[in-house]
Trainee: 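Input: one structure, supplied below.
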Amino acid sequence: MAEILREIGMISRALDSIANIEFKEFDLTRGQYLYLIRICENPGIIQEKLADMIKVDRTTASRAIKKLEASGFIEKRADAANRKIKRIFPTEKGKAISPNISKENEHSERVALQGLSEDESALLIDLLQKVRKNVEGDWEYVKKGNKRSY
């Protein structure tokens with residue numbers, strides 16, 4: 001069983017490394033592409049929702065968002081109804097590189113799924129979504145300061 005998580009981890013780290021190298025030309029640093037593409041897909045998202053979507057803690061998300069804002073890829077705007085809430089939007093600079101991030105993602109997915117039939121690909125996504133949902137329960141539990149019992 002442990003081999004499954006090792007394989008998933010190796011795939012994730014390899015694809016993340018590739019993306020980090022390729023996106024240096026756009027002045028995106030480690031992992032920032034993940035935040036930027038989610039913000040482009042969900043303009044007006046709030047930081048907490050973005051952190052939850054990417055599965056990182058608020059501090060990590062806050063650092064990445066500050067760097068993206070300082071680099072001019074995103075901007076924060078006060079919510080119309082509640083000025084304390086800051087919504088995050090891509091700038092024109094951020095929107096301009098979003099298609100490159102999407103193309104890289106599509107290419108990586110094609111490469112990763114080479115040799116799999118449509119049925120196998122559909123089964124894989126179904127199984128991975130089930131695994132993610134299982135893990136999300138523990139992630140939420142631990143995120144709230146709890147300790148899992150092994």
Trainee: Apply side chain to side chain contact (heavy atoms under 4.5 Å, CB included) to Leu127 and list each qualifying residue two or more places apart in sequence or on a separate chain.
Mentor: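 Once residues adjacent in sequence are excluded, the partners of Leu127 under the side chain to side chain contact (heavy atoms under 4.5 Å, CB included) criterion are Leu123.
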Trainee: Show me the donor-acceptor pairs within less than 3.5 Å that the side chains of residues 59-72 make with the rest of the protein, sequence neighbours left out.
Mentor:
| unit_1 | atom_1 | unit_2 | atom_2 | d |
| --- | --- | --- | --- | --- |
| Thr60 | OG1 | Asp57 | OD1 | 3.0 |
| Thr60 | OG1 | Asp57 | OD2 | 3.3 |
| Ser71 | OG | Lys67 | O | 3.0 |

Trainee: Any pair with a residue in residues 127-136 that passes salt bridge (charged side-chain N to carboxylate O under 4.0 Å, His left out), sequence neighbours left out, goes on the list, sorted by first then second residue, please.
Mentor: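 Only Lys55-Glu136, Asp126-Lys130, Arg132-Glu136 qualify under salt bridge (charged side-chain N to carboxylate O under 4.0 Å, His left out).
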Trainee: Share the residues that join Trp139 in a hydrophobic cluster, the rule being Ile, Leu, Val, Met, Phe, Trp or Tyr side chains under 4.5 Å apart at the heavy-atom level.
Mentor: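 The other cluster members (ILVMFWY side chains, heavy atoms under 4.5 Å, direct or chained): none.
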Trainee: Taking the side chain as everything from C-beta on, heavy atoms only, tell me whether Leu124 gets closer than 4.5 Å to Leu113.
Mentor: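 Yes - at least one pair of side-chain heavy atoms lies under 4.5 Å apart.
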Trainee: Is Pro90 close to Pro43 at the side-chain level, that is, under 4.5 Å between some pair of heavy atoms?
Mentor: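 Yes, at least one pair of side-chain atoms sits under 4.5 Å.
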Trainee: Kindly list each side-chain donor-acceptor pair under 3.5 angstrom involving residues 80-87, sequence neighbours excluded, with atom names and distances?
Mentor:
| unit_1 | atom_1 | unit_2 | atom_2 | d |
| --- | --- | --- | --- | --- |
| Asn82 | OD1 | Lys84 | N | 3.0 |
| Arg87 | NE | Asp79 | OD1 | 2.6 |
| Arg87 | NH1 | Gly44 | O | 2.8 |
| Arg87 | NH2 | Asp79 | OD1 | 3.3 |

Trainee: Does Phe23 have any ring-ring contact (aromatic ring centres under 6.0 Å, His included) partners at least two apart in sequence or in another chain, and if so, which?
Mentor: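 For Phe23, the residues satisfying ring-ring contact (aromatic ring centres under 6.0 Å, His included) (neighbours in sequence not counted) are Tyr33.
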Trainee: Could you walk me through whether Ile97 and Leu28 pass the side chain to side chain contact (heavy atoms under 4.5 Å, CB included) test, one step at a time?
Mentor: CA-CA 10 Å; Ile97 61 171; Leu28 287 173; 3.7 Å; yes
Trainee: Would you please name every residue forming a side chain to side chain contact (heavy atoms under 4.5 Å, CB included) with Asp119, sequence neighbours left out?
Mentor: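 Testing Asp119 for side chain to side chain contact (heavy atoms under 4.5 Å, CB included), a comparison that skips the adjacent residues, returns Ser117.
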Trainee: May I have all residue pairs that pass salt bridge (charged side-chain N to carboxylate O under 4.0 Å, His left out) and include part of residues 102-111, sequence neighbours excluded?
Mentor: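 Residue pairs passing salt bridge (charged side-chain N to carboxylate O under 4.0 Å, His left out), neighbours aside: none found.
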Trainee: Which pairs, with at least one residue in residues 39-49 and sequence neighbours excluded, count as a salt bridge (charged side-chain N to carboxylate O under 4.0 Å, His left out)?
Mentor: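 Listed by first then second residue: Arg38-Glu41, Glu48-Arg58.
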Trainee: Distance check, rounded to the nearest 0.5 Å: Asn42 atom CG versus Leu50 atom CG?
Mentor: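 Reported value, rounded in 0.5 Å steps: 8.0 Å.
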Trainee: Show, in sequence, the C-alpha distance, side-chain angles and deciding distance for Ser102 and Ile37, and conclude whether the side chain to side chain contact (heavy atoms under 4.5 Å, CB included) test is met.
Mentor: CA-CA 8 Å; Ser102 295; Ile37 196 66; 3.5 Å; yes
Trainee: Which residue pairs pass the ring-ring contact (aromatic ring centres under 6.0 Å, His included) test with at least one member in residues 66-92, sequence neighbours excluded?
Mentor: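 Matches after skipping sequence neighbours: none remain.
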Trainee: Could you list all the salt bridge (charged side-chain N to carboxylate O under 4.0 Å, His left out) pairs where at least one residue sits in residues 20-35, not counting sequence neighbours?
Mentor: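 Salt bridge (charged side-chain N to carboxylate O under 4.0 Å, His left out) check on residues 20-35 returns no pairs.
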Trainee: Working to the nearest 0.5 Å, report the span between SG of Cys40 and CD1 of Ile88.
Mentor: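 One gets 11.5 Å once the value is rounded to the nearest 0.5 Å.
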Trainee: Any side-chain heavy atom of Ile74 within less than 4.5 Å of one from Lys93?
Mentor: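 Counting from C-beta outward, Ile74 and Lys93 never come under 4.5 Å.
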Trainee: Could you list the donor-acceptor pairs under 3.5 angstrom formed between side-chain atoms of residues 143-150 and any protein atom two or more places apart in sequence or on another chain?
Mentor:
| unit_1 | atom_1 | unit_2 | atom_2 | d |
| --- | --- | --- | --- | --- |
| Asn146 | ND2 | Tyr141 | O | 3.0 |
| Arg148 | NH1 | Asp138 | OD2 | 2.9 |

Trainee: With a cut-off of 6.0 Å (strictly less than), are more than 12 heavy atoms of other residues, nucleotides or ligands near CD of Gln129?
Mentor: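 Counting other residues, nucleotides and ligands, CD of Gln129 exceeds 12 neighbours.
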Trainee: Does the side chain of Gln32 pick up a donor-acceptor pair with the side chain of Thr29 at under 3.5 Å?
Mentor: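 The answer is yes; a qualifying pair exists.
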